[in-house]
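Let me begin by presenting the structure, written as structure tokens, before commenting on it.
What you see is a predicted model; the values in this text were computed from it and never measured. Protein chains get the first letters and strands the later ones, always in sequence-line order, with residue 1 at the start of each.
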Amino acid sequence: MSTSEHHDDGSNEPSSTERVLNFIETEIEKDRAKPTWGNRSLHTRFPPEPNGYLHIGHAKSICLNFGLAQRYGGKCNLRFDDTNPAKEEQEYVDSIMEDVRWLGFQWDGLYYASDYFDQLYLWAEQLIMAGKAFVCDLNAEEMRQYRGTLTEPGKNSPYRDRSVEENLKLFREMRDGKYPDGARTLRAKIDMSSPNLNLRDPVMYRILRAHHHRTGNKWLIYPMYDWAHGQSDSVEGITHSICTLEFENHRPLYDWFCVNLGIYHPRQMEFARLNLTYTVMSKRKLLQLVQEKHVQSWDDPRMPTISGLRRRGYTPESIRAFCEKIGVARFNSMIDVTVLENSIREHLNKIAPRVMAVLRPIKVVLTNYPDGQVEYLEAINNPEDPGAGSRKIPFSREFYIEEDDFREDAPSKYFRLKPGGEVRLRYAYIIKCEKVVKDPNTGAITELHCTYDPQTRSGSDTSNRKVKGTIHWVPATHALDAEVRVYDRLFSTEEPDAAEAGKTFLDYMNPKSLEVVHAKVEPCLTEAPAGARYQFERLGYFCVDVKDSKPGKPVFNRTVTLRDTWAKLEARGDS
RNA sequence: UGGGGUGUGGUGUAAUUGGUAGCACGACAGAUUCUGACUCUGUUAGUUGGGGUUCGAGUCCCUACACCCCAACCA
């Protein structure tokens with residue numbers, strides 16, 4: 001894509017296609033306008049650490065970085081920040097690549113920070129020879145003490161003034177395995193009294209005997225994030241290195257390494273990470289949910305992971321639209337999770353075929369309908385998409401309706417079925433409830449006896465009658481049984497992260513985040529392919545579970561409900 | 001208590017750089033509806049506080065306050 005975003009038509013009114021620029025785009029446009037920019041093209045990167053699955057917060061960063069490259073005709077790399085073999089695994093690498101592709105993006109270069117371990121090592125020696133790095137024998141505890149505090153300056157390490165020769169010898173011995181893990185570090189020699197703690201002689205290398213998913217056992221020393229990230233950007237010719245706000249304090253160090261190495265110097269820019277209500281987003285907490293089995297897996301449909309959202313039925317388009325909608329800024333904000341939910345509703349409304357399903361069935365018998373008669377009624381597949389066509393649904397004497405669609409004691413504004421009341425069956429007839437049949441022991445409703453008006457058949461209604469309510473149904477003899485997983489929010493409080501004293505986010509888990517029901521669905525769903533998304537009319541959007549669904553024994557996941565004005569009225573006591 | 005950041009309706013995000021505070025979502029009200037969905041119309045509500053400069057301040061100055069980040073050999 002090219003730079004078609006430069007609108008300069010002189011009008012004050014933003015045209016309908018014009019997007020307002022976010023602060024990063026504004027800065028990029030300034031940079032590109034500088035004479036020093038030359039004819040370079042924009043180059044960004046998405047740099048995940050492969051120590052967990054990607055989540056919706058990463059999607060924001062992915063859409064930002066890849067989106068920028070598309071918008072400005074540039075490139076975007078995928079680079080795994082794999083400098084800590086203790087936590088990183090191939091499984092995560094694979095899932096990350098899958099998720100980025102699924103979101104609809106294709107990276108230009110695929111790299112790993114570990115690709116640069118040799119180069120980084122050479123640069124470390126270069127800094128040692130320049131007298132700007134030293135081998136330190138302080139252990140972790142001592143180093144912490146020497147570092148000082150937020151308000152007090154640190155003290156120089158007693159090893160800070162070793163000769164270049166000694167530093168070089170020691171560093172090479174670190175590399176060659178002469179010292180145990182944690183025995184020594186290589187540190188940059190900057191300023192122990194800097195108010196920015198990151199500049200108080202930060203560690204560049206630590207000794208760590210761990211198997212690395214790519215370099216195996218080749219290395220015994222591993223670079224720290226700060227020592228790897230900017231240089232990786234530099235090697236790849238990244239122009240704008242976009243990261244989250246907590247790295248802002250690291251920028252002076254990012255800059256220091258590039259300057260003191262005398263290498264190409266990308267520009268780091270920071271933006272606020274995504275926070276969502278009713279959601280935890282830290283990888284640590286998501287890992288904990290998985291490891292402690294509070295959810296079934298990383299791709300559990302209740303997880304805010306990309307794979308979880310995918311399995312839940314979210315589309316890539318809806319996630320991209322969401323990321324576009326929430327914007328990019330430097331202010332820590334909290335996005336209402338309903339914004340995400342509305343994004344998927346909006347997309348699925350346009351593309352999802354409609355179908356009828358009854359989650360909690362009550363049987364209805366039409367006492368005046370000829371026994372054994374079957375009619376095939378025409379139903380529209382998607383009113384939002386005329387091209388989707390229609391289908392035939394068998395209709396006969398017995399069928400199921402939703403438990404929720406019948407009330408014995410109905411409030412005045414309830415216009416579904418009630419004793420003596422009338423309602424239209426979607427695509428069928430107007431029926432009247434004549435009798436409620438109950439289990440003599442439990443008092444539970446077992447059946448409803450209704451009559452229908454033959455004049456009211458949909459499409460050929462000659463009665464001219466109107467009823468207030470229309471409900472969905474599934475024919476009893478042709479119904480397909482299906483397992484439906486009714487998902488709800490994983491947490492029952494807006495900010496599970498803000499746990500009160502003595503509690504953790506786990507104390508706020510929603511006990512009803514998953515309810516499994518045995519539903520009756522339209523027969524046409526027998527052939528529903530894995531991953532297919534539907535609207536169950538009047539209920540919500542559901543998708544065929546990709547892992548557990550089997551032909552003839554479908555399993556559906558509820559992606560999201562439809563907007564439910566009635567539920568809101570009732571909750572408000574306005575019914 | 002040091003340093004670095006950030007404050008615009010309920011939420012998110014703009015404001016041509018000092019010139020009518022706009023957009024989206026939500027909420028509310030109504031229209032429409034064989035999905036209490038969708039769609040459409042309307043209403044609602046904001047510059048963290050206090051000073052100052054100016055004809056004019058969200059924007060500049062001073063001051064106060066609030067919130068976030070930083071003391072891993074994590075990223």
Side-chain angles (χ1 to χ4, degrees), chain A residues 10 12 14 20-22 47-49 51 81-84 86-88 113 136 138-140 143-145 147-154 181-187 194-200 202-208 221-222 224-226 228-229 243-252 270 272 277 283-284 325-336 338-339 342-343 345-346 349-350 354 356 379-380 383-384 413-416 423-428 430 456 458-459 461 466-472 535-540 561-570:
Chain A
N12 291 331
V20 287
L21 299 183
N22 62 48
E49 183 189 10
N51 67 344
D81 219 333
D82 56 350
T83 57
N84 184 3
K87 290 184 178 171
E88 296 150 7
C136 183
L138 257 26
N139 64 34
M143 201 179 293
R144 194 171 60 81
Q145 282 162 3
R147 189 158 30 229
T149 68
L150 292 177
T151 53
E152 305 156 38
D181 287 9
R184 297 185 210 264
T185 56
L186 182 73
R187 296 225 260 163
S194 170
N196 183 340
L197 296 257
N198 295 122
L199 262 21
R200 319 245 261 228
V203 173
M204 295 161 60
Y205 275 98
R206 75 281 212 183
I207 304 173
L208 184 60
I221 55 172
Y222 288 94
M224 302 290 291
Y225 165 86
D226 288 302
H229 202 92
C243 59
T244 45
L245 245 29
E246 67 269 26
F247 291 101
E248 193 162 19
N249 294 328
H250 293 244
R251 194 170 66 224
E270 311 84 16
T277 57
K283 278 191 185 177
R284 199 208 97 227
K325 203 175 304 185
I326 58 175
V328 178
R330 289 175 65 82
F331 176 64
N332 274 307
S333 59
M334 177 70 73
I335 309 282
D336 197 314
T338 56
V339 177
N342 286 335
S343 295
R345 285 190 183 109
E346 201 175 330
N349 176 49
K350 290 199 186 76
R354 271 59 167 173
M356 294 199 284
I380 308 294
E384 304 286 322
K413 289 182 186 169
Y414 183 87
F415 42 85
R416 278 115 95 148
V423 77
R424 172 172 288 283
L425 293 177
R426 178 83 155 147
Y427 297 124
I430 292 178
T456 57
S458 294
D461 189 324
K466 291 265 186 263
V467 286
K468 194 83 169 142
T470 299
I471 63 174
H472 61 276
Q535 183 193 104
F536 289 179
E537 290 211 35
R538 302 205 311 126
L539 295 176
T561 61
L562 254 31
R563 250 205 204 82
D564 192 347
T565 309
W566 164 246
K568 195 160 52 176
L569 284 180
E570 222 185 7

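- A/Glu248 comes within 4.0 angstrom of the backbone, heavy atoms only, and of no base.
- Side-chain atoms of A/Arg424 and A/Ser458 include a donor-acceptor pair closer than 3.5 Å.
- For A/Arg206, there are no side chain to side chain donor-acceptor pair (under 3.5 Å) partners, not counting sequence neighbours.
- B/G22 and B/A15: their C1' atoms are spaced 7 Å apart (whole Å).
- At the heavy-atom level, A/Gly540 lies nowhere under 4.0 Å from the strands shown.
- Atom C1' of B/C67 sits at a distance of 23 Å from the matching atom of B/A45, rounded to the whole Å.
- Looking at which nucleotide of RNA chain B each of A/Ser333 and A/Lys413 is closest to, the 5′-most match is held by A/Ser333.
- Consecutive Watson-Crick or G-U pairs involving RNA chain B, each under 3.5 Å on both distances, make up stems of three or more pairs at B:2-7 with B:65-70, B:10-13 with B:22-25, B:26-31 with B:39-44, B:48-52 with B:60-64.
- Separation of the P atoms belonging to B/U11 and B/G30 is 26 Å when rounded to the nearest angstrom.
- Comparing A/Glu346 and A/Glu152 along RNA chain B, the residue whose closest nucleotide (by nearest heavy atom) sits nearer the 5' end is A/Glu152.
- Within 4.0 Å (heavy atoms only), A/Tyr222 reaches no atom of the nucleic acid at all.
- When heavy atoms are screened at a 4.0 angstrom cut-off, A/Gln535 is found touching base atoms of the nucleic acid.
- Across all strands shown, A/Arg330 has heavy atoms under 4.0 Å from sugar-phosphate atoms exclusively, and none from any base.
- Across the protein-nucleic acid pair, A/His472 atom NE2 and B/U35 atom C1' stand 9 Å apart, rounded to whole Å.
- Note: CG (A/Asp564) to P (B/C38) measures 10 Å, nearest angstrom.
- Annotation: side chain to side chain donor-acceptor pair (under 3.5 Å) contacts of A/Glu270 (sequence neighbours excluded): A/Arg251, A/Gln268, A/Arg330.
- Atom CZ of A/Arg354 and atom C1' of B/U33 are 13 Å apart (whole Å).
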Checklist line | Footprint string (nucleotides 21-32 of chain B, 5' to 3'): B base within contact, S backbone only, - free, heavy atoms under 4.0 Å | finding: ----SSSSS---
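- Scanning for side chain to side chain donor-acceptor pair (under 3.5 Å) contacts around A/Asp181 gives A/Arg209, with sequence neighbours left out.
- In the set B/G4, B/U35, B/G12, the nucleotide with an atom closest to the side chain of A/Met334 is B/G12.
- Using a 4.0 Å heavy-atom criterion, one finds that A/Arg187 contacts no nucleic acid atom at all.
- Looking at heavy-atom distances under 4.0 Å, A/Tyr414 makes contact with a base.
- With sequence neighbours excluded, no residue forms a side chain to side chain donor-acceptor pair (under 3.5 Å) with A/Thr185.
- Using a distance-only test at 3.5 Å, with no hydrogens or angles considered, a donor-acceptor pair links the side chain of A/Lys283 to the main chain of A/Glu49.
- The interatomic distance linking A/Trp566 (CH2) with B/A37 (C1') rounds to 16 Å, in whole Å.
- Residues satisfying the side chain to side chain contact (heavy atoms under 4.5 Å, CB included) test with A/Leu150, not counting sequence neighbours, are A/Leu197.
- With sequence neighbours left out, the side chain to side chain contact (heavy atoms under 4.5 Å, CB included) criterion links A/Glu384 to A/Asn349, A/Arg354, A/Asn382.
- In this structure, the separation between CZ on A/Arg144 and CG on A/Asn139 is 10.5 Å, given to the nearest 0.5 Å.
- Under the rule for a salt bridge (Lys or Arg N to Asp or Glu O under 4.0 Å), the partners of A/Arg184 that lie at least two apart in sequence or sit in another chain are A/Asp137.
- With its glycosidic angle within 90° of 0, B/A72 is assigned syn.
- Using atom C1' as the reference point in both B/G46 and B/A14, the two lie 13 Å apart (nearest Å).
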Margin query: Generate the contact string for nucleotides 64-75 of chain B. Rules: B means base contact, S means sugar-phosphate contact only, - means no protein heavy atom under 4.0 Å.
Written below: ----SBBBSBSB
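- Rounded to an integer number of Å, the gap from A/Ile326 CD1 to B/U13 P is 9 Å.
- In this structure, the side chain of A/Glu152 does not engage the main chain of A/Gly148 through any donor-acceptor pair within 3.5 Å.
- Residue A/Thr565 places at least one side-chain N or O under 4.0 Å from the OP1 or OP2 atom of B/A37.
- The interatomic distance linking A/Arg424 (CZ) with B/U35 (P) rounds to 10 Å, in whole Å.
- Residues that satisfy the salt bridge (Lys or Arg N to Asp or Glu O under 4.0 Å) test with A/Arg563, not counting sequence neighbours, are absent from this structure.
- Look at B/U17: its glycosidic torsion is within 90° of 0, and that puts it in the syn range.
- Distance noted for atom C1' between B/U53 and B/A72: 49 Å (whole Å).
- B/U20 and B/C38 are spaced 36 Å apart, taking the P atom of each and rounding to whole Å.
- In the model, A/Ser194 has no side-chain atom that pairs as donor or acceptor with a side-chain atom of A/Asn196 under 3.5 Å.
- Below the 3.5 angstrom threshold, one finds a donor paired with an acceptor across the side chain of A/Arg416 and the base of B/G36.
- Within the 4.0 angstrom heavy-atom criterion, only backbone atoms of the sugar-phosphate kind lie near A/Val328; the bases stay farther away.
- When the C1' atom of B/C38 is taken as reference, atom CG of A/Leu539 falls 16 Å away, rounded to whole Å.
- Comparing the C1' positions of B/A27 and B/U59 gives an interatomic distance of 30 Å, to the nearest angstrom.
- With sequence neighbours excluded, the residues forming a salt bridge (Lys or Arg N to Asp or Glu O under 4.0 Å) with A/Glu246 are A/Arg273, listed by chain and number.
- On the C1' atoms, B/A21 is 39 Å away from B/U1, given to the nearest whole Å.
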